[in-house]
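Before any comments, here is the structure.
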Amino acid sequence: METVKKFVIQKHSAANGLHWDLMFEAGTVLETYRLEMPPEKLSEQASPAVKIFDHPLKFLTYEGSVNQGKGRVEIADTGTYQLLGRSETHKETQINGKILKGRFTLTHIKENQWEFTPVSS
């Protein structure tokens, strides 16, 4: 089991619509997945998760304009996580956020497509 690290979910209003960016601290970057649902819904059902480019650590606390003013981000949830296990196609985490709490898996489907799923206790 790895050490406790930080995570953030940012609500991202963009020209192509609203989505949420789930970002996990991973060394010197934030490993990032685009989600279709807000943190309030993620404990209830699985969500498609698209792996996108890593973000700088400053996004753990950043809120404001992005993409040359074409979008805006605000923090929707924040807290810590532990990576409980991982393989090339599967990651299991324990998340302790202000909203999102519990065990979750990220399962690789194909290419940059993943699924973020709550683990029933």
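- A salt bridge between E31 and K5 is absent, with no side-chain N of the basic residue lying under 4.0 Å from a carboxylate O of the acidic one.
- Classified by interplanar angle (parallel below 30°, tilted 30° to 60°, perpendicular above 60°), the ring pair F53/H55 is parallel.
- Nearest heavy-atom pair, V4 versus Q82, reported as atom, atom and distance to 0.1 Å: CG2-CG, 3.6 Å.
- Atoms CD1 and OG1, from I99 and T78 in turn, are 10.5 Å apart once rounded to the nearest 0.5 Å.
- In this structure, L83 is a member of the same hydrophobic cluster as F7, with clusters built from ILVMFWY side-chain heavy atoms closer than 4.5 Å.
- The two residues L100 and P39 come nearest to each other via the heavy atoms CD1-O, 3.8 Å.
- Taking both residues in full, the closest heavy atoms of Q113 and H108 are given as O-CD2, 3.6 Å, listed atom of the first, atom of the second, then distance.
- Of the inter-residue distances, the one linking N112 atom CG with Y33 atom OH reads 10.5 Å to the nearest 0.5 angstrom.
- When side chains are defined from C-beta on, L30 counts as touching L60, because their heavy atoms get closer than 4.5 Å.
- Annotation: side chain of L22 is not in contact with side chain of F104 (no heavy-atom distance under 4.5 Å).
- Relative to the six-membered ring of W114, K91 meets both conditions, a distance below 6.0 Å and an angle of at most 45° to the axis.
- To the nearest 0.5 angstrom, Q10 atom CD is 11.5 Å from D77 atom CG.
- Checking each of H12, R34, E36 against H19 for a side chain to side chain donor-acceptor pair (under 3.5 Å) leaves exactly one that passes, namely H12.
- Checked by atom type and distance alone, the side chain of E115 never pairs as donor or acceptor with a backbone atom of T107 at under 3.5 Å.
- Residue L57 is grouped with residue V73 when hydrophobic side chains (ILVMFWY) are merged at heavy-atom distances under 4.5 angstrom, including chains of intermediate members.
- Taking 4.5 Å as the limit, some side-chain heavy atom of L42 sits within range of a side-chain heavy atom of I9.
- There is no path of hydrophobic side-chain contacts, each under 4.5 Å, that joins W20 to V66.
- Judged by distance alone, with hydrogens and angles left aside, the side-chain atoms of Y81 form a donor-acceptor pair with the main-chain N or O of E25 at under 3.5 Å.
- Scanning both residues, L35 and P48, for their nearest heavy atoms gives CD2-O, 3.7 Å.
- To the nearest 0.5 Å, atoms CD1 (I75) and OG1 (T61) are separated by 6.0 Å.
- Of the inter-residue distances, the one linking N96 atom CG with T80 atom OG1 reads 4.5 Å to the nearest 0.5 angstrom.
- Residues A76 and K11 approach most closely at CB-N, 4.2 Å, considering heavy atoms.
- The structure places CD of Q45 at 4.0 Å from CE of M37, a figure rounded to the nearest 0.5 Å.
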